[in-house]
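Working notes, structure below.
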Number of protein chains: 2
Amino acid sequence: MAQKPSIPKGTRDFSPVEMARRNYIFDTVKAVFQLYGFQPIETPAMENLSTLMGKYGEEGDKLLFKILNSGDFAAKANEADLADRNSIKLTNQISEKGLRYDLTVPFARFVVQYRNDISFPFKRYQIQPVWRADRPQKGRYREFYQCDVDIVGSDSLLNEFELVQIISDVFTRLRVNTVVKINNRKILAGIAEAIGEADRIVDITVAIDKLDKIGLEKVNEELLEKGVSQDAVDKLQPILKLSGTTDEKLNSIETVIGATEVGKKGIEEVRTFFNYINTVELNTEVELDLTLARGLNYYTGAIFEVKAKDVQIGSICGGGRYDDLTGIFGMPGVSGVGVSFGADRIYDVMTQLELFPEEAVASTKVLFVNFGEKEEAFCLPILRKLRENGVNAEIFPEAAKMKKQMTWADRKNIAWVAVVGEEEMAQGKVNLKNMRSGDQNMVSPDELVKLLTE
Amino acid sequence: MAQKPSIPKGTRDFSPVEMARRNYIFDTVKAVFQLYGFQPIETPAMENLSTLMGKYGEEGDKLLFKILNSGDFAAKANEADLADRNSIKLTNQISEKGLRYDLTVPFARFVVQYRNDISFPFKRYQIQPVWRADRPQKGRYREFYQCDVDIVGSDSLLNEFELVQIISDVFTRLRVNTVVKINNRKILAGIAEAIGEADRIVDITVAIDKLDKIGLEKVNEELLEKGVSQDAVDKLQPILKLSGTTDEKLNSIETVIGATEVGKKGIEEVRTFFNYINTVELNTEVELDLTLARGLNYYTGAIFEVKAKDVQIGSICGGGRYDDLTGIFGMPGVSGVGVSFGADRIYDVMTQLELFPEEAVASTKVLFVNFGEKEEAFCLPILRKLRENGVNAEIFPEAAKMKKQMTWADRKNIAWVAVVGEEEMAQGKVNLKNMRSGDQNMVSPDELVKLLTE
C-alpha cells in the first residue's frame with residue numbers, strides 16, 4: 001500500500017546542491033587539517049551505553065538515542081519494572097547500545113582502547129554525524145555533523161597556536177571574515193581567587209559576560225546580589241574596565257591576579273600564546289576576551305571561540321584545552337586541546353553572504369544533447385575522450401525533446417552544452433554553447449577537449 | 001570508575017592508516033561518479049520504521065536496528081503485551097524509528113518525497129554507512145559503508161553502458177584487474193518460458209549457476225529431480241553448452257528463446273548494450289554470463305557483477321535494472337538502473353595485492369624537529385611558508401628527544417624531516433633528511449619550499 005513518505009522529525013535529507021556546498025566546507029576543512037599534519041579517524045555510530053552514559057550529565061543521558069536490543073529483548077526485562085511501566089529502569093534492561101552524542105567521548109574511548117598503538121602526541125580529526133534526542137527547532141537538529149580536530153598527549157602551547165592558524169586558514173579559504181576570541185580558564189580562576197571569591201568563578205564570569213549588554217553598573221549590582229562581597233566587587237573593577245592592546249590588558253590583569261599562582265600561570269600561558277601569534281602574519285584577528293567562558297567545567301587552559309564578523313549568529317567554531325580527556329576510561333593525565341567547527345552554522349553564514357563559488361555547485365562541465373542513435377555514435381567517443389582528460393561530461397540518456405534536455409542542463413547548472421546534429425556530423429564538428437553567455441561556436445573534437453580542459 | 005573501553009560487536013574503529021586507504025577508494029569512486037555527471041545525496045541514518053519495515057522480507061525486519069522511543073516509552077505499551085513479554089508486538093509500541101538497512105529504500109523514499117523538485121532522469125550517488133543486526137563474522141559487519149550509483153527515470157540502455165564505463169574507470173584507477181559479467185533477467189525468463197517451465201525460472205538459473213562446479217550431467221540430474229520435464233531439460237542443452245564470442249552466444253540463445261516475446265526483448269537489449277560497448281575501448285573485459293542471477297526477484301533487465309581477477313573473493317561490485325523502485329511509496333512506473341561498490345571487499349583485494357600507493361597513506365610531507373624556543377622561532381615562518389604553498393607540514397609540538405621525534409615521523413610515514421640546530425640557524429639553512437634514502441642536504445628556506453612543492 002502506498003505510504004506518504006517522510007523522515008523523522010529533526011533529521012534532514014541533503015540534495016545534490018546542499019551536498020556540493022557541504023562538501024565544499026568539509027573538503028576545505030579537511031585539506032587544512034592535513035596541511036597541519038592531522039589525520040582522520042572514524043568511530044562506529046553505535047557505542048556501548050556503558051561508554052556513553054554518565055558522560056553528558058543527567059540531561060545528556062536522556063538525550064541519548066538508545067538502540068533496542070535485537071531478538072527477544074523483553075525476555076531479560078524485570079517483571080516488576082514491566083508491570084510498573086518503569087521506562088527509566090527498563091531502558092538498561094532492553095538496550096545495550098546508543099548512538100554517539102558527540103565525537104569527544106568516542107575519541108577518548110578510542111585513545112584509551114588503542115593507547116599502545118598510538119604515537120603520542122596524537123593529532124586526529126574526525127568528521128561524523130552525531131545524534132541527540134533534543135526537541136527539534138530552527139537550526140537545531142537531531143542528526144548533525146561535528147567536525148573536531150584535537151591534539152592529545154602534549155602540553156605545549158604551540159598546539160594552541162597551530163589550532164588558531166588552522167582556524168585562520170579555514171576561514172580565509174572559505175572567505176568568511178572572522179575574529180578569534182581567546183581566553184584562559186586559569187586567568188578566570190586567578191580573578192576569582194584574587195578577589196577572594198574562588199568558589200564563585202561561574203557567577204563572576206557570567207557577570208563579566210553581560211558587561212556589553214547591561215553595562216558596568218548593572219554588572220556590579222548583579223554581583224552583589226549573588227552574594228559577592230563589596231570588597232571583591234571593588235577589586236574586580238580594573239578587570240571590568242579592561243581596554244587597550246593585548247599587552248596592556250595582560251598588564252592590567254596582572255596587577256589584580258599576578259599574586260595568585262593559577263593567575264600567574266594563566267597570564268604566562270596567554271603571553272606565550274601571543275608570542276607565537278606574532279611570529280607569523282595571520283589573516284584573522286586574534287583577540288583576548290575575558291568574557292569568554294564556554295565549557296567552563298571542562299576546559300582547564302586556553303578557551304577559543306570564533307565569531308563571523310558579517311553575520312549575526314552564534315560562534316561558528318570553538319574549543320579549548322582540557323587536562324584529563326581519558327581519565328574516565330582509566331587513563332589519567334592525558335592533556336589535550338582541540339576545536340570543533342560548526343558545519344551547519346558555517347553553511348548558514350556562507351549561504352547568507354553568498355560565498356559558495358559557482359564551481360562548488362556545478363558538478364558537470366558539459367552536456368551532450370541526444371538526438372538519437374546516429375548522433376550518439378558520433379558523440380560517445382568524444383565524450384570518452386573528455387572524461388579521459390578529466391572533464392566531467394555527460395550525454396542525455398535518451399533522444400528527448402531539445403527543450404527538455406536544455407532545461408535539464410540548466411537545472412543541473414551545467415555551463416556548456418554540445419549540440420551535434422546532421423550538419424555538425426557532416427563537418428565532423430560540435431556546436432558548443434555557453435549556457436551563461438549564450439555564445440555558440442563550431443569546434444572540432446580536439447578543440448573541444450582543449451577548450452574544456454583549460 | 002575506570003571502565004575497560006570497547007565497541008559493540010560487529011562494529012569497527014578506523015585508524016588513520018585505514019581511513020587514508022578507505023578515503024583513497026571513496027575519493028576515486030566519487031571522482032569517477034562525477035566524471036559521468038552523477039551527484040551526491042545523503043539521507044538520515046534514522047528512518048521511520050514505517051518506511052523500512054516490510055521492504056527486506058521477514059528476516060530483514062528482524063535485522064533492522066530499532067531506536068527506543070525517547071522519554072517514557074513504556075507508557076504507550078499494551079498491558080497484555082508487557083505482561084506476556086511479547087517482544088514482537090512491543091517493538092512497534094516502543095519504537096518508531098530504525099537505522100537504515102541499505103541505501104536503496106531511503107533513495108526510493110527520497111525520490112518520491114522530492115518528486116516535484118527532481119529533474120528526471122535523476123543521476124545520484126550515495127556513500128553512507130548502513131546497519132544490520134546480522135550475526136557478526138569474518139568480513140561481515142553490523143555497520144558498513146555502501147556506495148551506490150543509480151539513474152532513475154530513464155529506460156535507455158545508454159545508462160547501462162555508462163555504468164559499465166564507470167566500473168571500468170574506477171577499477172582502472174584503483175589498478176584492480178576485473179571482469180564485468182553481465183546478464184539480463186529477460187533472457188532468463190525467455191529460457192524458462194521457451195522450455196515450457198516459466199514458473200521454474202529460479203530453479204533453472206540456480207542449476208545453470210552450478211554448471212562450473214558440478215558439471216553438465218549433475219546439472220541435468222538436478223533439474224529432473226526438481227521436477228523439470230525431460231523435454232525441457234533437452235531443450236535447455238544448447239544454453240548449457242554455450243560457448244564462443246558474445247555474438248555466437250547470443251545467436252545460440254536466440255535459436256532457443258527467439259520465439260518468446262520476453263526472450264526476444266532480452267536478446268535485443270543485450271545486443272544494443274554490446275553495440276555501445278564496442279564504440280569505445282575499455283580497459284575492462286565485459287562478458288555475457290548466463291549464470292549470473294543475483295537479485296533475481298528484484299532486477300527486471302540488465303544484471304551486473306564484477307569479479308577481481310587476481311584474488312579469490314566474492315563480487316566486488318554489482319547491480320542491475322529494476323522497473324519499479326518507487327511503487328511501494330506510491331509512485332509507480334519509475335525505472336532505474338544502478339550498481340553498488342563493495343568498499344570492504346575492494347579494500348581487502350587492494351590490501352592483499354598491495355595496491356595502495358604510498359602517497360595515499362602518508363599525510364604529512366615534512367616534519368620539523370623541535371629543539372626548543374629559539375629553533376622554533378626560526379622554523380615557524382618557514383613552516384607557514386610551506387603551508388601557504390600547499391605542503392602538508394608540521395613541527396613536533398615540544399622539544400622532546402631527537403630519537404622520539406624521528407620515531408614519531410617514521411611511524412607517521414613522513415617522507416622528509418627538517419633538522420634545525422645552532423649550526424643551521426647560523427647559516428640560515430635547514431638540514432633536510434629524506435627518511436626513505438637517508439640522504440641529507442643543507443638547503444635554504446626557499447630551496448626547501450621549491451623542493452617540496454615540485
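Letters go in sequence order (proteins before strands), and every chain restarts at 1.
In this structure, A:Lys123 NZ and B:Trp408 CH2 are separated by 5.0 Å, a value rounded to the nearest 0.5 Å. Rounding to the nearest 0.5 Å places CZ of A:Phe65 at 10.5 Å from CG of B:Leu99. With rounding to the nearest 0.5 angstrom, the CD atom of A:Gln39 is 9.0 Å from the CG atom of B:Asn413. A:Lys365 contributes atom NZ, which lies 13.5 Å from atom CD of B:Gln34 (distance to the nearest 0.5 angstrom). Remark: A:Ser154 OG to B:Phe396 CZ distance equals 7.5 Å, nearest 0.5 Å. Distance CD/B:Glu47 to CD1/A:Ile7: 7.0 Å, rounded to 0.5 Å.
When all heavy atoms of A:Tyr145 and B:Glu42 are compared, the pair lying nearest together is OH-OE1, 3.0 Å. Of all heavy-atom pairs between A:Leu158 and B:Pro397, the closest is CD2-O, 3.7 Å. Annotation for A:Gly37 and B:Thr364: closest pair CA-OG1, 3.2 Å, computed over non-hydrogen atoms. The minimum heavy-atom distance between B:Pro44 and A:Glu143, with the atom names listed, is CA-OE1, 3.1 Å. Considering every non-hydrogen atom in both B:Ile94 and A:Leu68, the closest pair reads CD1-CD1, 3.9 Å. Of all heavy-atom pairs between B:Ser87 and A:Phe73, the closest is OG-N, 3.2 Å.
For the pair A:Ser156 (side chain) and B:Glu398 (backbone), a donor-acceptor distance under 3.5 Å is absent. Panel note: side chain B:Thr279, backbone A:Ala377; no donor-acceptor pair is recorded below 3.5 Å. Between the A:Arg85 side chain and the B:Ala74 main chain, a donor and an acceptor come within less than 3.5 Å of each other. A donor-acceptor contact shorter than 3.5 Å is absent between the side chain of B:Arg124 and the backbone of A:Pro16.
Of the atoms belonging to A:Lys76, it is backbone heavy atoms, and not side-chain ones, that fall under 4.5 Å from chain B. For A:Val391, the part lying under 4.5 angstrom from a heavy atom of chain B is the backbone only. For A:Asn23, the part lying near chain B is the side chain, with the backbone staying farther off; criterion is any non-hydrogen pair under 4.5 Å. Only the backbone of A:Ala75 comes within less than 4.5 Å of a heavy atom of chain B; no side-chain atom from C-beta onward does. With a 4.5 angstrom heavy-atom cutoff, B:Leu282 touches chain A only via side-chain atoms. For a residue to count as touching a neighbouring chain, one of its non-hydrogen atoms must lie under 4.5 Å from one of that chain's; by this rule A:Asp169 touches chain B with the side chain only. For a residue to count as touching a neighbouring chain, one of its non-hydrogen atoms must lie under 4.5 Å from one of that chain's; by this rule A:Ala45 touches chain B with backbone and side chain alike. If you measure heavy-atom distances from A:Asn370 to chain B, the contacts under 4.5 Å come from the side chain alone. Both the backbone and the side chain of B:Ser6 come within contact range of chain A, judged by heavy atoms closer than 4.5 Å. Contact of A:Glu79 with chain B is made through backbone and side chain together, with heavy-atom distances under 4.5 Å. Contacts between A:Tyr141 and chain B at a heavy-atom distance below 4.5 Å are absent for every atom of the residue. Within the 4.5 angstrom heavy-atom criterion, no atom of A:Thr407 approaches chain B. The parts of B:Asp72 that come within reach of chain A are both its backbone and its side chain, each placing non-hydrogen atoms under 4.5 angstrom from that chain. Contacts between A:Glu376 and chain B at a heavy-atom distance below 4.5 Å involve the side chain alone, from C-beta outward. No part of B:Asn275 comes within reach of chain A, as not one of its non-hydrogen atoms sits under 4.5 angstrom from that chain. Residue contact with chain B, scored on non-hydrogen atoms closer than 4.5 Å, involves the backbone of A:Arg12 exclusively. Interface residue B:Thr43: backbone and side-chain heavy atoms are both found under 4.5 Å from chain A.
Side-chain contact between B:Arg142 and A:Lys97: present, with at least one pair of heavy atoms (C-beta onward) separated by less than 4.5 Å.
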Quiz item: Taking it one step at a time, do A:Lys66 and B:Ile67 satisfy side chain to side chain contact (heavy atoms under 4.5 Å, CB included)?
Solution: CA-CA 6 Å; A:Lys66 290 148 197 114; B:Ile67 311 276; over 6 Å; no
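A salt bridge links B:Glu162 and A:Arg387; the closest N-O separation between the charged side-chain nitrogens and carboxylate oxygens is under 4.0 Å.
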